[in-house]
Trainee: 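Here's a structure for you.
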Amino acid sequence: MTIIEQAVVAKNPGRKSEDGIVVTPDFIAVIDGSTSKSMRRCHRDLSLRKRSNGELAMLTIADTLRHLKNEASCHLFCTAATAAIRSRYKKSLLNHLAQHPEDRLAASCVVFSRLRRELWMVGDCQALVGGELFDNPKPYEQELAERRADIIKASPKPWEHFLENDTARAAIIPRMLETMQHQNNGYSVIDGFPVDEQHVRVIPLDFRPWEIVLASDGYPFLCPTLAESEERLARQREGDPLNIGDFKATKAFTPGNNSFDDRAYIRFLV
């Protein structure tokens, strides 16, 4: 495996990214830690309180990959990563977490296994394989983005208002929390509870040489190079900073931030 280029960029220059990249002799992965929709912290290690739920989930899964046996299957990876996240929780809160997915540590990821010649897509992530796009989006994400766009377009307030105070996003949060009840019961994510593996996408590759790009959904337009992907992101910010046009998202480019979401990108040859 030969790395061509990679980047991890936090949306807020003053905070750490919840996205990350892992490169080992046997695995390459992009991990997208989920931004918490709750202020509750359910992990048991007080020394980690400064880390967000998304960052801690990402780091925990990254550590799992670094210790994963090279012959591991996608199922074994999901099992190991789930156990690692679950070990972070206070045992007294497991019943609460079973009922409240919004309080869990959670992350999506896309992993390339060198030995198995497979891509594993757990949750909302994306890849280019020989220029062909593969993704695994959350089933409710587009519905929520459309609803937020409709609220903004119907509002008498100037659009600048929503850049400073995105009340349209606040309006969809209750529905967002509802859809999270389908987390690992309708769509897959790594959150310390059994992964809904029927919604994990496994992409087998033959033994021809392949150029592969793995990325988080912080890149709305995934391109064959990092420069092109960054340029498309910059054009989106300039032309539609609210993300309510052809590309719709559940959040905007907040002033002071460099994007609407953390982002991670890696391009390599196998």
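All values below were derived from every heavy atom in this structure, side-chain atoms included, with hydrogens, water molecules and symmetry-related copies excluded. This is a predicted model, so every value here is computed, not measured.
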Trainee: Closer than 4.0 angstrom, basic N to acidic O: yes or no for E55 and R15?
Mentor: no
Trainee: Should V110 and L65 be regarded as members of a common hydrophobic cluster, given that ILVMFWY residues are connected when their side-chain heavy atoms come within less than 4.5 Å of each other, either directly or indirectly?
Mentor: no
Trainee: Checking R201 against F134: charged group under 6.0 Å from the ring centre and within 45 degrees of the axis?
Mentor: no
Trainee: Considering all heavy atoms of both residues, which atom of V200 and which atom of C78 are nearest to each other, and what is their separation?
Mentor: CG2-SG, 4.5 Å
Trainee: Any side-chain to backbone donor/acceptor pair from N12 onto N257? Under 3.5 Å, distance only.
Mentor: no
Trainee: With ring centroids as reference points, do H182 and Y140 lie under 6.0 angstrom apart?
Mentor: yes
Trainee: Just by modelled atom types, is the G186 backbone N or O under 3.5 Å from a matching donor or acceptor in the D196 side chain?
Mentor: yes
Trainee: Can you name the nearest heavy-atom pair linking E197 to H75, along with the distance?
Mentor: OE2-ND1, 2.7 Å
Trainee: Can you check salt bridge (Lys or Arg N to Asp or Glu O under 4.0 Å) on E228 and R232, steps first, answer last?
Mentor: CA-CA 6 Å; E228 290 175 281; R232 288 295 304 275; over 6 Å; no
Trainee: Report the distance from atom OG1 of T179 to atom CD of E141, rounding to the nearest 0.5 Å.
Mentor: 8.0 Å
Trainee: Taking it one step at a time, do R86 and D191 satisfy salt bridge (Lys or Arg N to Asp or Glu O under 4.0 Å)?
Mentor: CA-CA 7 Å; R86 194 175 185 88; D191 65 357; over 6 Å; no
Trainee: Any donor and acceptor pair, going by atom type alone, linking the side chain of K153 with main-chain N or O of I244 inside 3.5 Å?
Mentor: yes
Trainee: Identify the two heavy atoms, one from A62 and one from I31, that lie closest to each other, and give their separation to 0.1 Å.
Mentor: N-CD1, 3.5 Å
Trainee: Applying a strict under-4.5 Å side-chain criterion to I, L, V, M, F, W and Y, I'd like to know whether I21 and V111 cluster together.
Mentor: no
Trainee: Report yes or no: does Y265 contribute a side-chain atom to a donor-acceptor pair with the main-chain N or O of S216 at less than 3.5 Å?
Mentor: no
Trainee: If I compare all heavy atoms of G256 with all of P13, which pair ends up nearest, and what's the gap?
Mentor: O-CD, 3.6 Å
Trainee: At their closest point, which heavy atom of A107 faces which heavy atom of V189, and how far apart are they?
Mentor: O-CG2, 3.2 Å
Trainee: Quick check: does any side chain N or O of K248 sit under 3.5 Å from a backbone N or O of G245, one acting as donor and the other as acceptor?
Mentor: yes
Trainee: Answer yes or no for R114 and F27: cation-pi contact, defined as NZ/CZ to six-membered ring centre under 6.0 Å and angle to ring axis within 45°.
Mentor: no
Trainee: R263 and side-chain hydrogen bond (donor to acceptor under 3.5 Å, both in side chains): which single residue from D19, D32, N258 fits?
Mentor: N258
Trainee: Run S73 and R116 through side chain to side chain donor-acceptor pair (under 3.5 Å) and show every step you take.
Mentor: CA-CA 8 Å; S73 64; R116 289 182 174 266; 4.7 Å; no
Trainee: Flag the pair W159 / I152 as yes when at least one side-chain heavy-atom distance between them is below 4.5 Å, and no otherwise.
Mentor: yes
Trainee: Donor-acceptor pair, S188 side chain versus H199 backbone, under 3.5 Å?
Mentor: yes
Trainee: Would a single hydrophobic cluster contain both L222 and M121, if residues Ile, Leu, Val, Met, Phe, Trp and Tyr are joined by side-chain heavy-atom contacts under 4.5 Å?
Mentor: no
Trainee: Run the numbers on E238 and R235 for salt bridge (Lys or Arg N to Asp or Glu O under 4.0 Å), then give the verdict.
Mentor: CA-CA 5 Å; E238 181 179 357; R235 280 164 50 191; over 6 Å; no
Trainee: Begin from the C-alpha positions of D261 and K251 and carry the test salt bridge (Lys or Arg N to Asp or Glu O under 4.0 Å) through to its verdict.
Mentor: CA-CA 8 Å; D261 202 358; K251 46 195 169 184; 3.7 Å; yes
Trainee: Any chance you could lay out the side-chain contact (heavy atoms from CB on, under 4.5 Å) test for V202 and L119, step after step, and finish with the verdict?
Mentor: CA-CA 6 Å; V202 177; L119 283 177; over 6 Å; no
Trainee: If every non-hydrogen atom of W120 is compared with every non-hydrogen atom of A72, which pair is closest and at what distance?
Mentor: CH2-O, 3.4 Å
Trainee: Check the pair E5 / T225 against side chain to side chain donor-acceptor pair (under 3.5 Å), numbers first and verdict last.
Mentor: CA-CA 8 Å; E5 57 182 352; T225 70; 5.0 Å; no
Trainee: Between S108 and D124 (side chain of the first, backbone of the second, donor and acceptor by atom type, cut-off under 3.5 Å), is there such a pair?
Mentor: yes
Trainee: Are the side chain of S229 and the backbone N or O of C223 linked by a donor-acceptor pair below 3.5 Å?
Mentor: yes
Trainee: Whether the side chain of Q6 engages the backbone of A264 through a donor-acceptor N/O pair (distance < 3.5 Å, no angle test) should be reported.
Mentor: no
Trainee: Knowing that exactly one of T167, D166, T250 qualifies, which makes a side-chain hydrogen bond (donor to acceptor under 3.5 Å, both in side chains) with R148?
Mentor: D166
Trainee: Hey, are R88 and T60 close enough side-chain-wise for a donor-acceptor pair under 3.5 Å?
Mentor: yes
